[in-house]
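Heads up, the thing below is written out as structure tokens.
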Amino acid sequence: MPELPEVESIRLTLAKNTLGKKILDAEVFWPPAAVSLPGMEFGELVKDRTIDFINRRGKYLLINLSGDITLIVHFRMTGRLIYYLGKQPVDKHTHVVLHLDEGELHYSDIRKFGRMQLVPTKKASEISFLAKLGPEPLDEAFAFDKLGQQLAGKKCTIKAALLDQRVIAGLGNIYADEALFRAGIYPGRKTDSLKVSEIILLCNSIQDVLNEGIKAKGTSFRDYRDAEGNKGMFQEKLMVYGRAGQECKGCGGILAKEKIAGRTTVYCPNCQK
DNA sequence: AGTGGCTCCTGAGCGC
DNA sequence: TGCGCTCAGGAGCCAC
């Protein structure tokens, strides 16, 4: 599932292949996946626009098109955006194809949770789901004091807080569990029970695990691929996610599984307190 | 404010 | 081989 490092990897590979290219036309096979401006047809709105630059905010990919239109993509669970230099057949999960002046861009999504949405670029930051997002964990301005502010006064579990995109943008189940393991914090701890020393540790762990995830080009636990169709490598480095019942790579104890914040959570009862 | 449940979806895995 | 069941989950929404 694309979290921050996966979306960043898609951004980099997509930029490498499509910047400056022009959209000749679009084919929409499943309309709910392609949200346009009111009263405008998706294909008509993207036609003849150039891909100017590509940004990322949390787990959202922001593709700036010429003429002040931005294509916002959220991949949710199984969304993929892949560039093909040649002609590529569509399959039953392909929802949108953008034909470029060189190559084509396929948006597909097995579970159909993901969305592409066109918005006026000037209004992009006001779009409700973007405006609500918390700080970017890899911004230079982000440090333990910022994380502390975001967590202040919260009484939920730390796992729930890390998954809350209003608190911090870009973490999902994989990197939240991995960051908590590295910080030695039990995911079910109440947020207001964390000491400053633990918040410092957690902040560093979040940044480290995200940076290492990006360096490894993301985690391909199951479905994830970058914009060139390649898998990431970070699944080989996972300490807890997907490893319930296996040995902890730190202490050799058995990793536990528990539903916390409504999500399957894996942790080491020995290493995380 | 926090929590739990439901919804959107499909495929994988399992028991029989 | 195949049926039916459960599980996976990001995030919005609603009830309590």
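Letters A, B, ... are given to chains in the order of the sequence lines, protein chains preceding strands, and every chain is numbered from 1.
Nucleotide B/dA1 holds its C1' atom 15 Å from the CG atom of A/L151, rounded to whole Å. In this structure, A/E3 places its CD atom 11 Å from C1' of C/dG9, rounding to the nearest Å. If you take NZ of A/K155 and C1' of B/dA1, they are 9 Å apart, rounded to a whole angstrom. With rounding to whole Å, A/F221 atom CZ is found 10 Å from C/dA8 atom C1'. Atom C1' of nucleotide C/dG10 and atom OH of A/Y241 are separated by 12 Å, given to the nearest angstrom. The CG-C1' distance, from A/D177 to C/dA8, rounds to 14 Å in whole Å. Residue A/D164 contributes atom CG, which lies 13 Å from atom P of C/dG10 at whole-angstrom precision. Regarding A/K154, its NZ atom lies at a distance of 9 Å from the P atom of B/dT3, rounded to whole Å.
Although no hydrogens or angles enter the test, the distance criterion places no donor-acceptor pair under 3.5 Å between the side chain of A/T191 and the main chain of A/K155.
Heavy atoms of A/Y175 sit nowhere under 4.0 angstrom from any nucleic acid atom.
At a threshold of 4.5 Å between non-hydrogen side-chain atoms, the residues A/L65 and A/I23 count as touching.
The only option from A/K87, A/K22, A/E27 that meets the side chain to side chain donor-acceptor pair (under 3.5 Å) definition with A/H99 turns out to be A/E27.
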Before giving the answer on side-chain contact (heavy atoms from CB on, under 4.5 Å), spell out for A/Q207 and A/L138 the whole-Å C-alpha distance, their side-chain angles and the decisive distance to 0.1 Å. CA-CA 6 Å; A/Q207 294 183 317; A/L138 297 183; 4.2 Å; yes

Can A/Y83 and A/Q88 be said to form a side-chain hydrogen bond (donor to acceptor under 3.5 Å, both in side chains), step by step? CA-CA 9 Å; A/Y83 173 78; A/Q88 177 72 18; over 6 Å; no

Apply side-chain hydrogen bond (donor to acceptor under 3.5 Å, both in side chains) to residues A/T265 and A/K159 and explain how you reach the verdict. CA-CA 9 Å; A/T265 301; A/K159 174 75 184 269; 2.7 Å; yes

Chi angles and distances behind the side-chain contact (heavy atoms from CB on, under 4.5 Å) call for A/Y84, A/H106: CA-CA 8 Å; A/Y84 298 99; A/H106 286 227; 3.6 Å; yes

Starting from the C-alpha separation in whole Å, work towards a yes-or-no answer on side-chain hydrogen bond (donor to acceptor under 3.5 Å, both in side chains) for A/Y267 and A/E258. CA-CA 8 Å; A/Y267 64 98; A/E258 199 179 327; 2.8 Å; yes

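Connection of A/V167 to A/L133 is not established within any shared hydrophobic cluster, with ILVMFWY side chains joined at heavy-atom distances below 4.5 Å, either directly or through further cluster members. In the hydrophobic clustering of this structure, A/L171 groups with A/I214; members are Ile, Leu, Val, Met, Phe, Trp, Tyr whose side-chain heavy atoms approach within less than 4.5 Å, directly or through other members.
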Every protein N/O lying under 3.5 Å from an N/O of nucleotides 11-16 of chain C:
{"from": "C/dA11", "atom 1": "OP1", "to": "A/H74", "atom 2": "NE2", "distance (Å)": "3.0"}
{"from": "C/dA11", "atom 1": "OP2", "to": "A/K59", "atom 2": "NZ", "distance (Å)": "3.1"}
{"from": "C/dA11", "atom 1": "OP2", "to": "A/Q165", "atom 2": "NE2", "distance (Å)": "3.3"}
{"from": "C/dA11", "atom 1": "N7", "to": "A/R263", "atom 2": "NH2", "distance (Å)": "3.1"}

Show each protein N/O and nucleotides 9-13 of chain B N/O combination with a separation under 3.5 Å, one pair to a line.
{"from": "B/dC9", "atom 1": "O4'", "to": "A/R111", "atom 2": "O", "distance (Å)": "3.4"}
{"from": "B/dT10", "atom 1": "OP1", "to": "A/K112", "atom 2": "NZ", "distance (Å)": "3.4"}
{"from": "B/dT10", "atom 1": "O2", "to": "A/R111", "atom 2": "NE", "distance (Å)": "3.4"}
{"from": "B/dG11", "atom 1": "OP1", "to": "A/K92", "atom 2": "NZ", "distance (Å)": "3.3"}
{"from": "B/dG11", "atom 1": "OP1", "to": "A/H93", "atom 2": "NE2", "distance (Å)": "2.9"}

Filtered N/O pairs between nucleotides 4-7 of chain B and protein, under 3.5 Å:
none

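Here C/dA8 is the nucleotide among C/dG9, B/dT3, C/dA8 with the atom lying nearest to any side-chain atom of A/K257.
Counted within 6.0 Å of NZ on A/K231, heavy atoms from surrounding residues, nucleotides or ligands total 12 or fewer; the atom is thus considered open.
In this structure, A/K259 reaches the C/dA8 phosphate: one of its side-chain N or O atoms is under 4.0 Å from OP1 or OP2. Taking side-chain N and O atoms only, A/T264 has a distance below 4.0 Å to OP1 or OP2 of C/dG9.
Taking the six-membered ring where tryptophan is involved, the planes of A/H95 and A/Y107 are tilted, since the angle between them lies from 30° to 60°.
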